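Right, one structure below, let's go through it.
Because the structure is a prediction, the values reported are computed rather than measured. In what follows, chains are A, B, ... by sequence order, proteins preceding strands, each numbered from 1. For the numbers below, each heavy atom of this structure counts, side chains included, while hydrogens, waters and symmetry mates do not.
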Amino acid sequence: MRLSRRFFLKSSGIALVGLGAVPGFLARAAVATRARGKILVVLFQRGAADGLNIVVPHAERTYSDLRPTIAIPRPQRGNQQAALDLDGFFGFHPALAPFKELYDEGLLAAVHAAGSPHATRSHFDAQDFMESGTPGVKSTADGWLNRYLQAHVTETSSSFRAVSATSQLPRILKGTAPALAVPWLERFGFEAGRRTELVRGGLEELYAASSDPLLASTARETFEAVDLLQRVNPAQYRPANGAQYPRGPFGQTVLQIAQLIKSGIGLEIAFAEVGGWDHHVNEGGAQGQLANLLRQFAGGITAFVRDLGDRMDDVVLVTLSEFGRTAFENGNRGTDHGHANALFVVGGPVRGGKVYGDWPGLEREQLFEGRDLALTTDFRDVLGEILVHHLGATNLRSVFLGYEMRPENFRRFLKVSRFS
Amino acid sequence: MNNRRLRSALAVWVVALLMLPPSYALRASDGMPPYAATEAAVAADRSAGKAAFGIPDTGITEEQKILHALNRLGYGPRPGEVERIKVIGLRDYIEQQLQPEAISDRSVERRLAQFETLTMKPTELLAAYPPPQLLRGIERQLTTRMGMDPEAIGEMFPELQRMRERRERRERQQGQADDPAAQGQRRRERMTRGERMERALRGPQRIVLEVSQAKLLRAVYSERQLQEVMTDFWFNHFNVFIGKGTDRWHITSYERDAIRPHALGKFRDLLGATARHPAMLFYLDNWMSVDPEAKIDRRRLQARYQEAAREQGLPPGGVVVELLRRRGMDTTQIERELERREQLGRRRARNSGRFFPRRNRRGQPNQKQRPQRFRGLNENYARELMELHTLGVEGGYTQQDILEVARCFTGWTLLPLPLGQQFVFMDDLHDSGTKMVLGKKIKSGGVEDGEAVLDLLARHPSTARYISLKLARRFVSDAPPASLVEKMAKTFQQADGDIRAVLRTLFNSEEFWSPGAMQAKLKTPFEFVVSAARATEAEIAGLPGTPGGGPPGLVMALRELGQPLYGAEPPTGYKDTADAWVSTGALLNRMKVALGLATNHLPGTQVALPHQVQAMEPAHQLVAQLGEQVMGREPSHATRAALLKQLAAVQDGLGASSRALPPQASEMRARLVLGWLLAGPEFQRK
């Protein structure tokens, strides 16, 4: 197996481990150095999650009036169907019990009344804006995560620096910086049975002999990535610390991201998505469609946190959804497209145990256009804080085009001494 | 691609390959790199008078020119095509391609004959494959006004029945998500993949599959290659996304009626056709852009919609009555009622959905407030019209121009869904004040305002330059020479936006035929897939469930390759430059698709190897022969050497054996070489 010098530089010590030719202590040191890499995981809840039934403003007078059949009952000792109180005002949906543990341990925070300032209620447009990072501008060609990668090139970029656990590269990662779409780790390879080497050998020869610099170098990275992943051996993965990932696609997705992080393969940005939040009909309250989805969601993320253990010190996970839902329920026991929403920030660097953001209220005159939760935190300020204070980004102007990022707008949900 | 099948198949060849006899050792190559024409060859061409085609002499051979033309005017050579064009002459071939209507295209027409949605109007598609929101509306009407019970409705509309069952199942499962009995039940209810696809294809998914598969088949099999390339180019230029709302029901017509007829015609016609097409009006939201000051009377608006629908030849009751009739309902009562209302001349159908006979007089209270969708001006179309469709982002317009253009297009809207969602201009929604666009006053105050803007933009020098740049980027290189763009822009203006004339300038230019332009473009995934199917003369199956039909493997492969057909979400469309398509994951997927195609493991495609190729020995002949077939020329020295080295290495580890290759193994060896060639670096360029 040939590995280029550049590749050794790119993936620092990790490649050595697999070769088995390096003394163990050296390899461990190399892993430890690389392990200090900071990681951001972005989870997109497609379909517009109902933030008001997820982080419930149970002490808000009008909350239960607005939602006669789907409101989550106020917290009550012994009542499994009631909201899980956080601070006397907000509470988690009862299906978020695992989140309550993370919250109490200080690993999880919520930001309420956050989202995109654009008034569109189209899923298509709103997702587009949240992924391009330019609300209101449709012609932006690339996504903000990709622009972050473009603007912050590192010496040690691995081919697994940015990975999307989806079959197609999502808008958020589209752009000129390399990013991989890897829906199933086990399928990232040639899969020609026992002697795959033969089939790929011909391809490797062809590209090695090519005088086409662009294709030759991309092919080299491809083969290296395939090798790297092969040594990670995704099929043999066992979660640590007794972490129990929920069955189903979402659990599998977060499990694979945990795997990539632990393999020390040079991951910096991971993206995944979970759909099914568009509950116009029979949304349910403490039980029902939303509750079922939240059990998967919270179960998956909590297993991810448990599995990674101390490694979470370097990981921040943030959730996004294109917009919130109407403050009042509709005629079909569901909710329609709204405006601001609640999002979660999870990880060791998070000053958890708190719901951040200014609460705009739910009285009719406080609602956006008389119907939706008003917005008090721009999603770009949440992401900006993470990019700057977690990933060490220096150039936000080129990430969130046309947005004047002001640190005083950061909600300060990260443990950072640099805040003055 | 079915990976398990591919895996087991590859494992089989590996065994076969291990039995290769030793005669396949690497041999010294005697060829020369492609396109490094000898002076002698060029001189021979010249003396034969062939270089003086009207196509400039740029020091490359006739074969190279033909190959270049096949790669750029079309989707790459089929085996033997270079020779065929040599016979008719390259200039005549290009002239023919510029007049596609004169080219007979029966084989592709025969393949498309079974695609029923390709010739249907959007109103027919809405009735035949109704969208869920239309079904739900009808369900409400049938329940409240006709008093039908859910069971009878479910019988007539199995889709609604299924939606209801799904909902009920979800509700039942609440709180018992992990009950093993329920899981077993679900497993039993689970359908096979084929069954699921079959059912999906009875619904709106049929439209998507047919239009996608048809695009692929045309690109692969049509003789009108330039027309296909230009249709693709303009669709992408005036992009709409099949996944946005009801655009799925309009996209077939958009390509067929707005794009294809004008692909080689006048730019102004193309621009006008896209501007009025429901697919564009919906995609860029112009249908809901209204004068914020407009006084909107719901009742009047509905009456106007009805009137407009009638003028467009839609029967009373629109799509809904047609849909009910298709589902076997006797609609005479409804039609009689509609007729009666019309004859009486009374408040004709106030509400687009309210043409069912009333059972009670209560009904819904009239809502007098402004319809929510008409909140005011929407600048989306106006902005993209200038930035992407005409002037280009640096074309010299301001935010104020965007606003004024948006005002000009207020009232360019759509009939409601039950009435077929066709274009209609509504005076009531239009801002009839005077506007200033790019320094010109526009004050006619009707639908002419938008047309005046289109006139202005189509003839603007920035548009001539921007369109010429995009064409040059598509046909020549990612960064085309400015001299070429200038030449084309000049033609564009002189010929009043005649696209054929601009292309003629392009095809007569030195820049197009320059040696540096050869192989300069990287294939997009679509170009890669189509050119591979052409090079291997793959037989692509028709629609699933029809005679000769099969699963749409190549259409699915394009999703994996990151270019789903009609699936570009942003109005910019897909990028046409290498940077968008070269990445590790993308290259790996190309290799997998190439191997899958060559070994007949892409569902719905068959590649047959000529018998003489299968039996061909020695290895260097096989590589040269297949290379010629795939690329229309000898593969480069590097490619041949690499493949021969690998074939030799396979058997070095085996020890000598002089037995002849068994037929099965020799076919597999040929298929492996074919896969390598399609997956290799040379085939990624055009």
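For the atom pair B:L644 CG and A:E205 CD, the distance stands at 11.0 Å (nearest 0.5 Å). Of the inter-residue distances, the one linking A:R220 atom CZ with B:L587 atom CG reads 12.5 Å to the nearest 0.5 angstrom. In this structure, A:L206 CG and B:F683 CZ are separated by 13.0 Å, a value rounded to the nearest 0.5 Å. To the nearest 0.5 Å, the span separating OG1 on A:T222 from CZ on B:R590 amounts to 11.5 Å.
Surrounding CZ of A:R46 are more than 12 heavy atoms belonging to other residues, nucleotides or ligands, all under 6.0 Å away. At most 12 heavy atoms of other shown residues, nucleotides or ligands fall within 6.0 angstrom of atom CZ in A:R333. No more than 12 heavy atoms of other residues, nucleotides or ligands shown are found within 6.0 angstrom of CD on A:Q244. By the neighbour-count criterion of 12 heavy atoms within 6.0 Å, atom CD of B:E394 is sparsely surrounded, having that number or fewer from other residues, nucleotides or ligands.
The part of A:V226 that comes within reach of chain B is its side chain, from C-beta onward, which places non-hydrogen atoms under 4.5 angstrom from that chain. Contact annotation for A:A141: neither backbone nor side-chain heavy atoms come within less than 4.5 Å of a heavy atom of chain B. Only the side chain of B:L522 has a heavy atom closer than 4.5 Å to any heavy atom of chain A. With a threshold of 4.5 angstrom between heavy atoms, B:A594 does not approach chain A through any atom at all. Heavy atoms closer than 4.5 Å to chain A are found in both the backbone and the side chain of B:A679.
Between B:K244 and A:D125, some side-chain heavy-atom pair lies under the 4.5 Å cut-off. Proximity of B:L595 to A:L203: side-chain heavy atoms (C-beta onward) are separated by under 4.5 Å at one or more points.
The residue among B:K575, B:E387, B:Q684, B:M591 with the most heavy atom pairs within less than 4.5 Å of chain A is B:M591. In terms of heavy-atom pairs under 4.5 Å with chain B, the best-connected choice from A:G201, A:P178, A:A179 is A:G201. Across A:S211, A:S210, A:A209, A:G202, the residue that shares the most heavy-atom pairs under 4.5 angstrom with chain B is A:G202.
Ring planes of A:F124 and B:Y283: tilted class, angle from 30 to 60°.
Each of B:L388, B:T572, B:D285 was checked for a side-chain contact (heavy atoms from CB on, under 4.5 Å) with A:K138, and the lone residue meeting it is B:D285.
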Quiz item: Could you go step by step and tell me if B:R685 and A:L214 meet the side chain to side chain contact (heavy atoms under 4.5 Å, CB included) rule?
Solution: CA-CA 11 Å; B:R685 293 196 171 266; A:L214 178 68; 4.1 Å; yes
